[in-house]
Trainee: 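This is the structure I have questions about; it appears just below.
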Amino acid sequence: MKFFIDTANLAQIKEAQELGVLDGVTTNPSLMAKEGITGRNNILKHYVDICNIVDGDVSAEVISTDLKGMIKEGEELAELHEQIVVKVPMIKDGIKAIKYFTDKGIRTNCTLVFSCGQALLAAKAGAAYVSPFIGRLDDISTDGLNLISEIRHIYDNYEFETQILAASVRHTMHVIDCAKIGADVMTGPLSAIEGLLKHPLTDSGLAKFLEDYQKGN
Ligand code: E4P
């Protein structure tokens with residue numbers, strides 16, 4: 001299972017990279033705005049800065065919602081760095097754009113996916129990643145993890161190569177449940193990754209080991 005971090009914060013990306021388990025980064029326009037990154041040139045530079053920190057794929061989202069605009073933006077993003085994956089929204093022109101990019105050898109991440117039907121379309125169009133937003137489904141009292149299970153089942157039926165990128169992961173149990181289901185990737189905050197470290201028996205066990213060592217040394 002790949003671990004992506006879902007942020008545009010360079011300090012957090014560096015921290016996750018230094019942990020040694022990071023496989024990539026996802027961003028979106030809200031996350032860029034949260035870091036105060038505005039203006040086309042600054043945004044493009046920020047993507048390159050992120051690529052220079054991590055070894056894996058970095059999702060960069062288009063703003064346009066029409067096919068022509070998405071193609072122009074996506075090609076510009078893809079040229080920035082070989083690690084860039086163009087993030088395209090799940091809309092009609094988005095599917096056309098994913099097909100266009102796939103035929104050109106440009107990898108895509110189909111974002112804002114909330115149903116199996118949408119995931120099926122993304123795979124048919126050749127998306128490298130599909131991003132079902134599990135946290136946002138949970139927010140409206142729907143079972144986000146169930147969507148991941150259903151997409152896994154559908155993709156396995158036909159051996160689709162599109163990777164299931166469980167997005168909108170909010171906490172550590174989401175990560176563990178996605179791993180049980182067989183999501184290919186999860187993207188979430190640093191806290192969800194670091195939460196995997198924690199167990200009170202590890203803390204008390206280590207404290208006891210160190211205490212016993214001190215007695216004899
Ligand atoms: C996915 O790529 C999105 O950036 C992200 O996971 C959305 O998460 P949120 O619902 O916590 O905003």
Side-chain angles (χ1 to χ4, degrees), residues 1-10 12-13 16 22-38 43 46-47 49-51 53-54 56-65 70 73-74 77-78 83-91 94-95 97-98 101 106-115 118-119 121-123 125 127-148 151-152 162-179 181 183-196:
M1 184 193 204
K2 291 184 200 164
F3 281 7
F4 287 2
I5 188 169
D6 194 32
T7 184
N9 182 289
L10 297 183
Q12 286 186 18
I13 293 168
L22 191 67
D23 300 296
V25 177
T26 50
T27 62
N28 63 41
S30 303
L31 292 171
M32 295 293 271
K34 191 176 164 193
E35 299 307 318
I37 315 296
T38 55
I43 289 171
H46 202 74
Y47 287 138
D49 289 344
I50 294 173
C51 289
I53 296 172
V54 298
D57 290 344
V58 175
S59 286
E61 189 160 341
V62 298
I63 305 300
S64 303
T65 53
M70 281 191 263
E73 262 188 75
L77 290 169
Q83 287 166 242
I84 293 284
V85 173
V86 180
K87 207 172 178 189
V88 179
M90 168 42 77
I91 54 176
I95 289 298
I98 288 169
F101 289 133
I106 294 173
R107 292 174 309 139
T108 55
N109 172 358
C110 184
T111 190
L112 290 166
V113 165
F114 295 94
S115 75
Q118 292 177 329
L121 268 179
Y129 297 100
V130 65
S131 287
F133 279 33
I134 61 175
R136 292 193 193 187
L137 282 169
D138 289 356
D139 288 346
I140 58 159
S141 305
T142 306
D143 188 350
L145 288 166
N146 186 50
L147 176 61
I148 301 292
I151 297 172
R152 177 77 284 154
T162 302
Q163 294 188 54
I164 302 174
L165 197 175
S168 188
V169 159
R170 301 277 174 74
H171 49 73
T172 301
M173 276 314 294
H174 269 157
V175 180
I176 294 166
D177 287 332
C178 284
I181 293 166
D184 300 290
V185 192
M186 78 83 203
T187 191
L190 183 58
S191 59
I193 298 173
E194 290 188 333
L196 295 166

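For the numbers below, each heavy atom of this structure counts, side chains included, while hydrogens, waters and symmetry mates do not. As the structure lists them, so they are numbered: ligands from 1, and atoms in each ligand from 1.
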Trainee: Of the protein's non-hydrogen atoms, which lies at the shortest distance from atom 8 (O) of ligand 1, and what is that distance?
Mentor: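 Checking every protein heavy atom, the shortest distance to atom 8 (O) of ligand 1 gives Ser168 CA, 3.3 Å.
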Trainee: At what distance is the nearest protein heavy atom to atom 11 (O) of ligand 1, and which residue and atom is it?
Mentor: Arg170 NE, 2.9 Å
Trainee: Considering heavy atoms of the protein only, find what lies nearest to atom 2 (O) of ligand 1 and give residue, atom and distance to 0.1 Å.
Mentor: Lys87 NZ, 2.6 Å
Trainee: Under the side chain to side chain donor-acceptor pair (under 3.5 Å) criterion, do Glu61 and Asn28 qualify, and how do the steps go?
Mentor: CA-CA 6 Å; Glu61 189 160 341; Asn28 63 41; 5.4 Å; no
Trainee: May I ask you to list the atoms of ligand 1 that are less than 4.0 angstrom from any heavy atom of Arg136?
Mentor: 7 (C), 9 (P), 10 (O), 12 (O)
Trainee: Testing the basics here: between Leu22 and Phe4, what is the closest heavy-atom pair and its distance to 0.1 Å?
Mentor: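 Nearest heavy atoms, Leu22 then Phe4: CD1-C, 4.0 Å.
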Trainee: If you measure every N or O of Asn28 against every N or O of ligand 1, does any of those distances drop under 3.5 Å?
Mentor: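 Yes: some nitrogen or oxygen of Asn28 is under 3.5 Å from one in ligand 1.
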Trainee: Check whether any side-chain heavy atom of Ile50 sits under 4.5 Å from a side-chain heavy atom of His46, and report yes or no.
Mentor: yes
Trainee: May I ask you to test the Leu147-Phe133 pair for a side-chain heavy-atom distance under 4.5 Å?
Mentor: no
Trainee: May I ask you to identify the nearest protein heavy atom to atom 5 (C) of ligand 1, giving residue, atom name and distance to one decimal place in Å?
Mentor: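 Ranked first by proximity to atom 5 (C) of ligand 1 is Asp6 OD2, 2.8 Å.
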Trainee: Looking at side-chain heavy atoms only, is the closest gap between Met1 and Val185 below 4.5 Å?
Mentor: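 Met1 vs Val185: side chains apart.
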